[in-house]
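To find a chain, count down the sequence lines: A is the first, B the second, and so on, and within it residues start at 1. Computed from heavy atoms alone, side chains included, the values below leave out hydrogens, waters and symmetry copies. Worth saying up front: this structure is predicted, and the values here are computed from it rather than measured.
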There are 2 protein chains.
Amino acid sequence: MSIAREEAPLTPRQRTILDELGRRGFLSTADLAGTFDVSDMTVRRDTRALSKLGLVKVVHGGVSAVEGHGQNADFAARAREDADAKQRVAKACVDLVADRDAIILDAGTTTYQIAQELPTSFMGTIITHSAPAIQRCLQLTSARTICLGGELLLDSQAFNGPMTVSAAQGLRAKTAFIGVSGIHDEAFYIERDVERATKLALMASAEQVVVVATHQKMLRYALAKLAVFDAVDILVTDAPPPQEIEAALKAADVKLIVAA
Amino acid sequence: MSIAREEAPLTPRQRTILDELGRRGFLSTADLAGTFDVSDMTVRRDTRALSKLGLVKVVHGGVSAVEGHGQNADFAARAREDADAKQRVAKACVDLVADRDAIILDAGTTTYQIAQELPTSFMGTIITHSAPAIQRCLQLTSARTICLGGELLLDSQAFNGPMTVSAAQGLRAKTAFIGVSGIHDEAFYIERDVERATKLALMASAEQVVVVATHQKMLRYALAKLAVFDAVDILVTDAPPPQEIEAALKAADVKLIVAA
DNA sequence: TAAGATTGTGTTGGAATTACAACACTTTGC
DNA sequence: GCAAAGTGTTGTAATTCCAACACAATCTTA
């Protein structure tokens with residue numbers, strides 16, 4: 001009784017549909033009619049009502065979950081931007097990983113693609129504070145996944161704060177894949193200052209630090225300075241960077257990998 | 001080059017379809033045809049090939065993600081068992097929560113239902129080590145979510161181990177909702193011994209300990225003994241328990257809540 | 001209490017959408 | 001130049017959608 005429930009006009013059947021949809025992503029009209037033992041028409045009326053409330057998307061043959069819930073939509077939308085470039089970068093990163101390695105995955109959409117590109121047979125260890133990456137790790141039955149806890153930030157969909165930092169400090173990995181928002185003046189920049197401590201802790205816990213950044217990040221500043229080039233071993237991107245950056249990378253002895 | 005990719009005979013387009021499907025759950029044939037700028041027939045040939053490999057499910061109108069990947073299916077299947085009972089228990093638990101409370105959610109399908117039943121307007125704090133619960137928390141834009149890190153166990157889909165325990169010890173909440181596998185002889189039992197330390201730490205960090213258990217758990221043993229009745233304040237279930245349990249609960253001063 | 005209104009549901013037929021087999025065309029590699 | 005693989009097109013079959021109407025259960029109101 002303590003909490004007011006805002007979803008007043010939903011029948012039990014509609015709530016069940018929403019619930020299942022959250023788990024399955026798609027439900028066919030015929031299946032639903034069978035499950036509830038009602039006619040197709042009744043199911044259609046339910047789904048149409050839910051669709052009118054923006055809770056589901058009606059498609060030919062059934063209903064599909066709508067991804068526009070909470071901050072969740074932002075991340076999904078960002079993941080789709082330059083998806084090709086991110087995928088190419090991610091594939092090149094996976095090529096840097098051997099089968100028993102322990103790797104660290106930072107938050108962000110590009111690093112998330114690395115998790116997606118990891119083969120399901122991967123037998124190493126994944127250390128991450130990214131909620132979407134963990135979701136992906138549930139599919140990797142041979143891998144070991146270690147989550148760095150902390151407070152959930154909705155915009156980055158990752159855990160952060162002192163808990164995350166201290167959890168990272170207790171671990172050691174071979175390679176850390178770090179995402180950045182901008183590259184300029186021999187340094188890497190990030191959007192959220194609160195993530196700085198976490199990223200630095202991740203970098204300190206790995207033998208080898210790999211920064212991933214699509215070409216859109218080149219010659220761009222962002223709010224906070226993360227680290228200078230010297231702190232990084234490899235930069236993986238999807239197009240040859242501007243000359244000034246390439247020269248600075250070479251001067252700082254950062255290996256450059258341009259994904260095909 | 002380091003990792004062998006087992007999915008050999010997949011075209012780039014098919015891989016992209018799989019990839020998107022992992023995020024969206026459903027894709028319509030027409031949409032896919034538009035996205036790749038190919039004919040419906042070509043898309044259908046792709047989806048049929050993927051379906052033959054068991055990677056997707058073809059439905060009238062498009063393709064749907066198949067949930068039989070990884071251990072993931074187990075949890076989803078268990079969540080569906082006695083779903084009604086779990087939902088009733090979960091609703092009763094939500095009624096114990098006030099809007100600014102900090103609550104602890106243990107791993108398990110019943111506690112997961114609590115996360116599902118929490119209104120999206122909930123403005124308190126959720127502390128959990130359950131991956132599905134965290135997934136749900138991404139929708140709760142007003143709440144604060146704290147993840148207890150640790151090693152991911154695929155069968156319980158939760159984080160566990162020393163990291164989890166020490167993370168829990170540093171926190172304090174009003175109510176902890178704990179799942180159990182059996183109730184017998186004035187004690188609560190659980191399936192996995194490794195979870196014992198985590199559950200005890202969660203219980204120690206809350207003012208009030210609530211155990212959730214559907215009636216199927218009554219008079220059942222499980223592998224490990226978690227705690228005696230005295231360590232718990234409230235038991236929420238969905239049907240009146242056997243007399244011997246009810247008497248023992250009363251003797252141990254455990255409040256019994258039977259959800260309607 | 002009875003009549004009327006409201007809500008939820010099932011049925012029907014035709015309209016709209018999708019599926020699929022068969023064939024023709026283009027590209028690729030040898 | 002030929003075989004193989006991939007793709008587009010066409011017409012037809014199968015499925016789904018939906019508006020309209022009929023029926024039952026519940027709730028209102030006189």
Side-chain angles (χ1 to χ4, degrees), chain A residues 5-21 23-68 83-84 87-88 91 260, chain B residues 1 5-68 83-84 87-88 91 260:
Chain A
R5 188 162 274 130
E6 77 274 17
E7 304 104 350
L10 282 192
T11 70
R13 197 175 49 225
Q14 289 170 339
R15 302 207 67 213
T16 308
I17 292 175
L18 269 184
D19 210 53
E20 267 297 293
L21 210 53
R23 283 191 283 273
R24 313 262 292 242
F26 173 81
L27 297 167
S28 85
T29 307
D31 280 355
L32 286 171
T35 304
F36 297 116
D37 198 33
V38 294
S39 75
D40 297 5
M41 199 59 226
T42 301
V43 171
R44 235 169 254 127
R45 280 189 265 251
D46 277 344
T47 55
R48 201 187 299 174
L50 291 172
S51 151
K52 201 159 291 179
L53 296 172
L55 300 171
V56 304
K57 196 171 83 185
V58 174
V59 299
H60 199 100
V63 275
S64 156
V66 65
E67 50 180 331
D84 281 3
Q87 192 169 353
R88 281 200 302 273
K91 278 178 179 158
Chain B
M1 281 307 197
R5 188 162 276 130
E6 77 273 19
E7 305 103 353
L10 283 192
T11 70
R13 195 174 50 226
Q14 288 169 340
R15 303 206 67 216
T16 309
I17 291 175
L18 269 185
D19 209 54
E20 269 296 296
L21 210 53
R23 282 191 284 273
R24 312 263 291 242
F26 173 82
L27 296 167
S28 84
T29 308
D31 280 355
L32 286 171
T35 304
F36 297 116
D37 199 32
V38 296
S39 75
D40 297 4
M41 201 58 226
T42 301
V43 171
R44 236 169 253 128
R45 280 190 266 252
D46 277 344
T47 56
R48 202 186 301 175
L50 291 173
S51 151
K52 201 159 291 179
L53 295 172
L55 300 171
V56 305
K57 196 172 82 185
V58 174
V59 299
H60 198 99
V63 275
S64 156
V66 65
E67 52 177 332
D84 281 2
Q87 192 168 355
R88 279 200 303 273
K91 278 179 180 160

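Rounded to 10 degrees, the angle between the two end axes of the helix from C:dT1-D:dA30 to C:dC30-D:dG1 is 30°, with five pairs used at each end.
Applying the side chain to side chain donor-acceptor pair (under 3.5 Å) rule to B:Ser51 yields no partners; only residues at least two apart in sequence or on another chain are considered. Remark: A:Gln87 pairs with A:Lys91, A:Gln113, A:Glu117 by the side-chain contact (heavy atoms from CB on, under 4.5 Å) rule, at least two apart or across chains. In terms of the salt bridge (Lys or Arg N to Asp or Glu O under 4.0 Å) criterion, residue partners of A:Arg88 (sequence neighbours excluded) are, by chain and number, A:Asp238. A:Thr35 pairs by the side-chain contact (heavy atoms from CB on, under 4.5 Å) definition with nothing, not counting sequence neighbours.
Taking every heavy atom of both residues into account, B:Val59 and B:Ser64 meet most closely at CG1-CB, 4.3 Å. Between B:Thr47 and B:Val56, the shortest heavy-atom distance links the atoms O-CG2, 3.9 Å.
Listed by first and then second residue, the salt bridge (Lys or Arg N to Asp or Glu O under 4.0 Å) pairs that reach into residues 46-66 of chain A are A:Arg13-A:Asp46, sequence neighbours excluded. Applying the salt bridge (Lys or Arg N to Asp or Glu O under 4.0 Å) rule to pairs touching residues 30-43 of chain B yields nothing, sequence neighbours excluded.
Nucleotides of DNA chain D with any atom under 4.0 Å from a heavy atom of chain A span, from 5' to 3', D:dT16 to D:dA19. Nucleotides of DNA chain C that come within less than 4.0 Å of any heavy atom of chain A span, from the 5' end to the 3' end, C:dT9 to C:dT18.
Counting only heavy atoms from C-beta outward, the side chains of B:Phe36 and B:Thr16 approach each other to under 4.5 Å.
Each of B:Leu55, B:Leu27, B:Leu50 was checked for a side chain to side chain contact (heavy atoms under 4.5 Å, CB included) with B:Val63, and the lone residue meeting it is B:Leu27.
Within residues 33-47 of chain A, the residues approached by DNA chain C to less than 4.0 Å at the level of any non-hydrogen atom are A:Val38, A:Ser39, A:Met41, A:Thr42, A:Arg45, in residue-number order.
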